[in-house]
Protein chains: 2
Amino acid sequence: MSAERLEVWASLATLLERLPTALDAQLQRDSGLTHFEHGVLYALDSAPERTLRLSTLAGYASSTLSRLSRAITRLEAKGWVHRIIDPADGRFTLAVLTNEGHVKVTQSTPGHHALVDRLVFDALTASQIRQLGVISRSISEAIDTAPVWTPPSAKVDPPTL
Amino acid sequence: MSAERLEVWASLATLLERLPTALDAQLQRDSGLTHFEHGVLYALDSAPERTLRLSTLAGYASSTLSRLSRAITRLEAKGWVHRIIDPADGRFTLAVLTNEGHVKVTQSTPGHHALVDRLVFDALTASQIRQLGVISRSISEAIDTAPVWTPPSAKVDPPTL
DNA sequence: ATCAATCACTTGCCTAGGCAAGTAACCGTA
DNA sequence: TACGGTTACTTGCCTAGGCAAGTGATTGAT
């Protein structure tokens, strides 16, 4: 790997450590939420009927179902969300934002967005902001394309490609 | 927050979830290392005498001393690192990469860098790569400048709604 | 209609890591 | 030289989350 790429990678890797830490610290301190939990509440608040299937929500949050299930359990214990079985298909579980949950997101989002503004957008030019969107999407797509990298030695069947 | 910023933020937040997950998965599977542990070994391998003070290393890794201390304990148990008390000042602890540790980094780095190449650099133009470096550093600097942001009226929400 | 897959979670077990309370080494002051 | 303060970790306790083995609901083939 070239020296220039190494340096860019070092700066990105640093960002990957520090930004989540900074966001979690603010949300935890001001609202008692992790960044992940806030994202879940925010997604539900934006959804029709304030309701989403867990599997859909897991996709939005780039999360495993296991992690989401535990997060929903915590949010349910706080009274911000409740589960119902999908009447259309009993295998699905729907997460529904309660009124208290709606109040919670409404209160916690401004402070969170203010920090994102300060840390991310205030630090960048309009053109860099646009580029950041393009770059982030490109990398995410590359991850989707090669979700699990298979080493030369370990050849598993590549059926659905 | 404007719709455009929301969209950029969504794409960055997605990246912050997915890229570390992808990197950890590859390193764990191929080398039995977390991304963090690999970073520690790599930093030691690059250091003079393959030796660094824990506090210096914590800075490089954007980590708490607590997290680093536990990681060093794990790496020591594997025989890749050992601790010595700094002869110049007994408060400092030096982490030293063993020969086995050097072999370990040498073996694990190519696969890791190949994935970084594939996920990050292959997805971007030369100009985007340069911009990514500038953008990452700008955001990291903003985090340093405002490590803990205090909202105008820091209200903790009441115990139970 | 039956029963074997499959799907959508859920949960037990285990590790990583945060916070805060230690502990040991060193420094500054008197 | 004594000793309180600071520095550099270390560790006990607790929560988050990964993996893999369940569980219940539904679908599909016979």
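Chain A is the first sequence line, chain B the second, and so forth, proteins listed ahead of strands; every chain is numbered from 1.
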Peer 1: Do nucleotides 2-9 of chain C as a string where each nucleotide becomes B, S or -: B if the base has a protein heavy atom under 4.0 Å, S if just the sugar-phosphate does, - if no protein is that close.
Peer 2: -----BSB
Peer 1: Just how far, in rounded Å, is P of dA8(D) from CD1 of I84(B)?
Peer 2: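 Roughly 17 Å, once rounded to whole Å.
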Peer 1: Checking side-chain polar atoms at under 3.5 Å, does T14(B) have a donor or acceptor matched by the opposite partner on R137(A)?
Peer 2: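 No, no side-chain donor-acceptor pair sits under 3.5 Å.
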Peer 1: Quickly, which of S136(A), S140(A), S62(A) forms a side chain to side chain donor-acceptor pair (under 3.5 Å) with R18(B)? Name it, please.
Peer 2: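 Looking at S136(A), S140(A), S62(A), the match for R18(B) under the side chain to side chain donor-acceptor pair (under 3.5 Å) is S62(A).
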Peer 1: Rounded to whole angstroms, how far apart are CG on L27(A) and P on dT15(D)?
Peer 2: 20 Å
Peer 1: Under a 4.5 Å cut-off applied to non-hydrogen side-chain atoms, are Q28(B) and T34(B) in contact?
Peer 2: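 With C-beta onward as the side chain, the pair touches.
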Peer 1: In whole angstrom, what separates Q28(A)'s CD from dC19(C)'s P?
Peer 2: 9 Å
Peer 1: Rounded to the nearest angstrom, tell me the gap between atom CD1 in I85(A) and atom P in dA25(D).
Peer 2: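 In whole Å, dA25(D) P and I85(A) CD1 are 8 Å from each other.
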Peer 1: Could you give the NZ-to-P distance, from K78(B) to dT15(C), as a whole number of Å?
Peer 2: 11 Å
Peer 1: For the pair made of CZ in R74(A) and C1' in dC14(D), what is the distance, rounded to whole Å?
Peer 2: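 For the pair R74(A) CZ and dC14(D) C1', the rounded distance is 13 Å.
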Peer 1: For a quick test of reading the model: is some side-chain N or O of R67(B) closer than 4.0 Å to OP1 or OP2 of dC19(C)?
Peer 2: no
Peer 1: Can D30(B) and Q26(B) be counted as having a side-chain donor-acceptor contact under 3.5 angstrom?
Peer 2: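 Checked: D30(B)/Q26(B) side chains pair up, N/O donor to acceptor below 3.5 Å.
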Peer 1: Are any of the side-chain heavy atoms of L57(A) and S63(A) separated by less than 4.5 Å?
Peer 2: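 Heavy-atom side-chain distance check fails, nothing below 4.5 Å.
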Peer 1: Between dG18(C) atom C1' and E17(A) atom CD, what is the distance in whole Å?
Peer 2: 13 Å
Peer 1: Are any of the side-chain nitrogens in R67(A) or E17(B) under 4.0 Å away from the carboxylate oxygens of its partner?
Peer 2: yes
Peer 1: Considering only heavy atoms and no angle criterion, is a donor-acceptor pair shorter than 3.5 Å present between the side chain of S66(A) and the base of dT10(C)?
Peer 2: no
Peer 1: If you assign T64(B) and D86(B) each to the DNA chain C nucleotide with the nearest heavy atom, which residue ends up on the more 5' nucleotide?
Peer 2: T64(B)
Peer 1: Using whole Å, report how far CZ of F36(B) lies from C1' of dA16(C).
Peer 2: 10 Å
Peer 1: Can you label the angle between the H113(A) ring and the H38(A) ring as parallel, tilted or perpendicular, going by 30° and 60°?
Peer 2: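 Plane angle over 60°, so perpendicular.
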